[in-house]
Number of protein chains: 2
Amino acid sequence: MLNEDTKTVAHDCGDCPIRHRAVCARCETDELERLEEIKYYRNFEAGQTIIWSGDRMDFVGSVVSGIATLTQTMEDGRTQMVGLLLPSDFVGRPGRDGSPYDVVATTDMVMCCFRKRPFEEMMVATPHIAHRLLEMTLDELDAAREWMLVLGRKTAREKIASLLSIIARRDATLNLQPAQNRLVFDLPLTREAMADYLGLTLETVSRQISALKRDGVIELEGKRHVTVPDFSRLLDEAGDDTDGGLLV
Amino acid sequence: MLNEDTKTVAHDCGDCPIRHRAVCARCETDELERLEEIKYYRNFEAGQTIIWSGDRMDFVGSVVSGIATLTQTMEDGRTQMVGLLLPSDFVGRPGRDGSPYDVVATTDMVMCCFRKRPFEEMMVATPHIAHRLLEMTLDELDAAREWMLVLGRKTAREKIASLLSIIARRDATLNLQPAQNRLVFDLPLTREAMADYLGLTLETVSRQISALKRDGVIELEGKRHVTVPDFSRLLDEAGDDTDGGLLV
DNA sequence: GGTCATCCTTGACCCAGATCAAGCGCGCGA
DNA sequence: TCGCGCGCTTGATCTGGGTCAAGGATGACC
């Protein structure tokens, strides 16, 4: 059962990803209630490691606010980010015990979690939850494969443009802007984290961002606040063949 | 209903992946019969494109024999392989209409297919099929993310060693060798296909294979037949921290 | 056996991005 | 207010792998 405190948070969370994105689109009332029973919220501070690679994971859940990263590290310290968790993204591997990745909060975060064992039991009893999870996993698989193209074949400049357009798109779908080509967002990652995502060094990231700024593809206010005056120009720089409709 | 011809093939296919790997581990007899009704076999020749990127896909299925690749191509022709389909691998995106990738047979192939619509209907009616598909999709996601580390952070030599060890491992699990460190297999890919998988050029692939041969990490007979005298040495070259137990 | 195409190897050279190094700017705690 | 640390930028130089180019091997087909 929920304590008063948790209820309050749940109520604040009007567009809680569990409602609109993860598992509940077709839930019946009693299923929703069962979900509520195994649901709880966790807060993390910027820089805090949520799960260490190899750790046992006793929950699944969604990002409510803030950003986390999924990274792999080799013994000699080379690291590669393999996923970026933005609000409404699902975290967890139903049916698996551990995480093969480090999960790290890069900003302050709130996560909406379910205890794993009861969640899995619900999954068995409620087939459409499994279907929804399959959907989401296929989405993640597509994203991972898209990123393989970025890592394997794109130039440094194209990589940066690809990352910026992904973040811009996600940001835009959250804070719906008037449907125009200009958009504004804050970079949620350090240069080093961007480098780890893109398979570059932080110096190259910095240089290419400066170059995009010099060429008018982006405008910078401080180090993190980005304005994209022409989004289709950015997509072009990313080498994307998509038409770039913002609202996917 | 099955015609006589198909039945024969089905019978030959004693370890048909649909039986032992994809969906049927817990199927009841009548479910198996329903699967049989929507099941058919397709043959492809080496070089044949199975699905074009963007095509409608009206089936799902498994590789029975032979090898296929999943590739993405940019407008300017740069291509990145995002998946390698070996025998027993599943192909298809239940719930999705099209494929975002080209699927190409690199050797002669046999696939065991199910018509997509009835398969999806069965999935709804038979929850453990959806669970099995979720399992498999999570496996693919892990593989894709593992490959992101290869593409983003490994050197050319490490990339080649990683690819060889993956193929060797898969080959070994199919044709179980005595549990020793020496193993033998045939490369199922051209140098160019390897390059597309690894984000390299075919010249670099060729040079690095020559180097591994010169250094005694592998032995070559012709261009495709590979002997690995010491598998743990190969894993070492790949920069893998896994212990390399062959039988995963 | 000869021709041709495909796949592969090897060499010479070049360049994008890594590496090494110096310094800037801003926020924070004393 | 100062100093200190962290995140970032920029410059100089180096190098792994790309590019361009020239053959070598193998096998299919005439």
Discussion item. Between Glu219(B) and Lys213(B), does any side-chain N to carboxylate O distance fall below 4.0 Å?
Written reply: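 So Glu219(B) does not pair with Lys213(B) through a salt bridge.
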Worksheet entry | Under-4.0 Å salt bridge between Arg96(A) and Asp139(B) |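 Yes, this pair counts.
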Item to complete: Decide yes or no for Met81(A) and Leu149(B): does some side-chain heavy atom of the first lie under 4.5 Å from some side-chain heavy atom of the second?
Response: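 A side-chain contact under 4.5 Å is absent here.
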Worksheet item: Does Arg145(A) count as lying over the ring of Tyr101(B), i.e. NZ or CZ under 6.0 Å from the six-ring centre, within 45 degrees of the axis?
Response: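 Because its charged atom sits under 6.0 Å from the ring centre and within 45° of the axis, Arg145(A) does stack over Tyr101(B).
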Practice prompt. Find out whether the Lys NZ or Arg CZ of Arg42(B) is both under 6.0 angstrom from the six-membered ring centre of Phe59(B) and within 45° of the ring's axis.
Written response: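 The answer is yes; both the distance and angle limits are met.
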Length of the line joining [X]:[atom1] and [N]:[atom2], which is rounded to integer Å:
X	N	atom1	atom2	value
Asp196(A)	dC8(D)	CG	P	12 Å
Gln208(A)	dG11(D)	CD	P	14 Å
Arg78(A)	dG16(D)	CZ	C1'	13 Å
Glu158(B)	dG17(D)	CD	C1'	14 Å
Leu202(A)	dT10(D)	CG	C1'	12 Å
Leu189(A)	dG7(D)	CG	C1'	14 Å
Lys159(B)	dG18(D)	NZ	C1'	12 Å
Leu200(B)	dG16(D)	CG	C1'	11 Å

Review item, side-chain donor-acceptor pairs of residues 189-205 of chain A, under 3.5 Å, at least two apart:
residue, atom, partner, partner atom, Å
Thr190(A), OG1, Glu192(A), N, 3.4
Thr190(A), OG1, Ala193(A), N, 3.0
Arg191(A), NH1, Lys223(A), O, 3.3
Arg191(A), NH2, Lys223(A), O, 2.9
Asp196(A), OD1, Thr79(A), OG1, 3.2
Asp196(A), OD1, Arg153(B), NH2, 3.1
Asp196(A), OD2, Thr79(A), OG1, 3.0
Thr201(A), OG1, Thr204(A), N, 3.4
Thr201(A), OG1, Thr204(A), OG1, 3.1

Assess whether one donor atom and one acceptor atom, taken from the side chain of [X] and the base of [N], lie less than 3.5 Å apart.
X	N	result
Arg214(A)	dT10(D)	no
Arg157(B)	dG17(D)	no
Glu203(B)	dC20(D)	yes

Item to complete: Have a look at Thr190(A) and say if it touches a base, only the backbone sugar-phosphate, or nothing, with a 4.0 Å heavy-atom cut-off.
Response: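 Touches sugar-phosphate only.
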Worksheet item: Base, sugar-phosphate, or nothing for Gly47(B), non-hydrogen atoms under 4.0 angstrom?
Response: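 If one applies the 4.0 Å heavy-atom cut-off, Gly47(B) turns out to touch nothing in the nucleic acid.
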Fill in: Side-chain N,O (Arg224(A)) to OP1/OP2 (dC8(D)) below 4.0 Å
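Yes, Arg224(A) has a side-chain N/O under 4.0 Å of OP1/OP2 on dC8(D).
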Worksheet item: From the 5' end of DNA chain C to its 3' end, which nucleotides mark the outer limits of contact with chain A, defined by a 4.0 Å heavy-atom distance cut-off (strictly under)?
Response: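 From 5' to 3', the first and last contacting nucleotides are dG17(C) to dC20(C).
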Fill in: Pairs flagged by salt bridge (Lys or Arg N to Asp or Glu O under 4.0 Å) wherever residues 46-74 of chain B is involved - sequence neighbours left out
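Qualifying pairs, neighbours excluded: Arg56(B)-Asp97(B).
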Practice prompt. Please figure out whether Thr155(B) or Thr204(A) has its closest DNA chain D nucleotide nearer the 5' end.
Written response: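 By nearest-heavy-atom nucleotide position, the 5'-most residue is Thr204(A).
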Worksheet item: Of Arg191(B) and Thr201(A), whose closest DNA chain C nucleotide lies nearer the 5' terminus?
Response: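 Its nucleotide being nearer the 5' end, the pick is Arg191(B).
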